[in-house]
Amino acid sequence: KPARPGRLVIAEDAFELADKAVADALLPVVETAASLIGDSGTERLSPTGLDDWRGQQQTLQGREGWETVRDWIDRVNPRFAFNVTERYVAASRIGDAEVAEAKAARAAIIERMDAVLEGGAAVCLPTTVAPAPAAGGRQSTLRVLQPRNSALTCIAGTIGAPQINLPLAEVEGLPVGLSLLGARGSDEMLIAFAREIAAAHES
């Protein structure tokens, strides 16, 4: 028998962040995954909103990134693209109190997701909120998409858990993916289940 999660948790708040066309396109893939397990249900992952979860990661990543390159930037004075410069300037202003608050938030997120994933459950959520923008697109478009996508992509990194993308749907001819996120150490189970979903969805 193929390795499968004990339960499928459909992340309601994650699907609400995605464009409606993306959520609608992914629904048949979600239904395929749910039918294979037989035990599924919707749940809101964050009590306060996934944007809050994104915020703590941005703070911690920003501080770590700035501390890593600060001396090099000071010594070399490199030329960056505008958006890169903007991020480093913002990161240079992150204080110790903000870092402490973000670390406490991260601990709470880990505790919450450990409870969601207990018993071998897997969470499904959109991989991104919209199809990938065209290469060479306007920076203003990317600036809107980046924080929306980060609210989805920050979860696995924050809790140190595996996530796999299944690009099994399309919106206006462009691929969009459903992600499966599992507990720490469930990598092989997620890969096996992803293969099973893909085979069932395509048959």
Side-chain angles (χ1 to χ4, degrees), residues 2-19 22-23 25-34 36-37 39-47 49-61 64-65 102 105-132 145-171 174-201:
R4 291 174 179 164
R7 181 171 183 265
L8 186 70
V9 176
I10 302 162
E12 185 178 5
D13 42 358
F15 276 92
E16 288 174 356
L17 288 177
D19 290 351
V22 172
L26 293 176
L27 184 59
V29 189
V30 175
E31 290 174 344
T32 297
L36 290 171
I37 296 178
D39 182 4
S40 64
T42 59
E43 197 165 338
R44 303 189 75 80
L45 301 182
S46 171
L50 291 172
D51 269 338
D52 287 350
W53 288 15
R54 174 184 67 84
Q56 59 78 32
Q57 189 188 58
Q58 298 296 327
T59 296
L60 296 175
Q61 278 188 342
E64 182 178 335
R106 180 177 62 187
I109 293 166
I110 292 171
E111 183 179 1
R112 165 63 181 155
M113 288 302 297
D114 281 350
V116 171
L117 294 166
E118 192 174 9
V123 171
C124 68
L125 67 159
T127 302
T128 57
V129 297
L145 276 178
Q146 193 273 334
R148 292 180 62 208
N149 279 329
S150 292
L152 299 178
T153 59
C154 73
I155 303 170
T158 293
I159 67 174
Q163 178 173 335
I164 188 167
N165 172 53
L166 289 78
L168 298 177
E170 289 187 353
V171 171
L174 298 173
V176 291
L178 180 75
S179 274
L180 294 174
L181 189 154
R184 290 179 290 278
S186 66
D187 308 54
E188 292 183 356
M189 181 271 287
L190 279 189
I191 292 169
F193 187 50
R195 286 174 171 160
E196 191 182 6
I197 292 170
H201 183 72

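Values below: all heavy atoms of this structure, side chains included; hydrogens, waters and symmetry mates excluded.
Using a 4.5 Å cut-off on side-chain heavy atoms (C-beta onward), Ser46 and Arg112 make no contact. Contact of the Arg106 side chain with the Thr59 side chain is not registered, since no non-hydrogen atoms from C-beta on lie closer than 4.5 Å. Using a 4.5 Å heavy-atom cutoff, the side chains of Val22 and Val129 are not in contact.
With hydrogens and angles disregarded, no donor-acceptor distance shorter than 3.5 Å links the side chain of Asn149 to the backbone of Thr128. In terms of modelled atom types and a separation under 3.5 Å, the side chain of Arg184 and the main chain of Asp114 share no donor-acceptor contact. Looking only at distances, no side-chain donor or acceptor of Ser40 sits under 3.5 Å from a matching main-chain atom of Ala34.
Contact detail for Gly182 and Leu190: the closest heavy-atom pair is N-CD1, 3.4 Å. Nearest approach of Ala11 to Leu125, heavy atoms of both residues: CB-CB, 4.2 Å. Residue Gly6 comes nearest to Ile37 through the heavy atom pair O-CG2, 3.9 Å, listed as atom of the first residue, atom of the second, then distance. Here the shortest heavy-atom pairing between Arg54 and Pro147 reads CD-O, 3.0 Å. Smallest separation of non-hydrogen atoms from Val176 and Glu170: CG2-N, 4.0 Å. Between Ala183 and Ala161, the shortest heavy-atom contact is C-CB, 4.4 Å.
Within the structure, side-chain hydrogen bond (donor to acceptor under 3.5 Å, both in side chains) pairs that include any residue of residues 151-161 comprise Gln56-Thr158 (at least two apart or interchain).
Residue Glu118 qualifies as open at atom CD: its count of foreign heavy atoms under 6.0 Å is 12 or below. Residue-environment remark: CZ (Arg44) exceeds the threshold of 12 foreign heavy atoms within 6.0 Å.
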Trace of the salt bridge (charged side-chain N to carboxylate O under 4.0 Å, His left out) decision for Asp19 with Arg148
CA-CA 10 Å; Asp19 290 351; Arg148 292 180 62 208; 2.8 Å; yes
Starting from the C-alpha separation in whole Å, work towards a yes-or-no answer on side chain to side chain contact (heavy atoms under 4.5 Å, CB included) for Leu180 and Leu8.
CA-CA 9 Å; Leu180 294 174; Leu8 186 70; 4.2 Å; yes
Where do Met113 and Leu181 land on the side chain to side chain contact (heavy atoms under 4.5 Å, CB included) test, with the steps shown first?
CA-CA 10 Å; Met113 288 302 297; Leu181 189 154; 4.2 Å; yes
Between Val123 and Ile155, is a side chain to side chain contact (heavy atoms under 4.5 Å, CB included) present by the stated rule, with each step listed?
CA-CA 11 Å; Val123 171; Ile155 303 170; over 6 Å; no
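Distance check, rounded to the nearest 0.5 Å: CZ of Phe193 to SG of Cys124 gives 8.5 Å. If you take CD on Glu12 and CD on Glu43, they are separated by 10.0 Å, rounding to the nearest 0.5 Å. Interatomic distance, CG of Leu178 versus CG of Asn165, reported as 8.0 Å (0.5 Å rounding). With rounding to the nearest 0.5 angstrom, the CG atom of Leu45 is 10.5 Å from the OG1 atom of Thr42. Atom CG of residue Leu50 and atom OG of residue Ser150 lie 12.0 Å apart, to the nearest 0.5 angstrom. To the nearest 0.5 Å, atom OG1 of residue Thr32 and atom CG of residue Leu168 are 8.5 Å apart.
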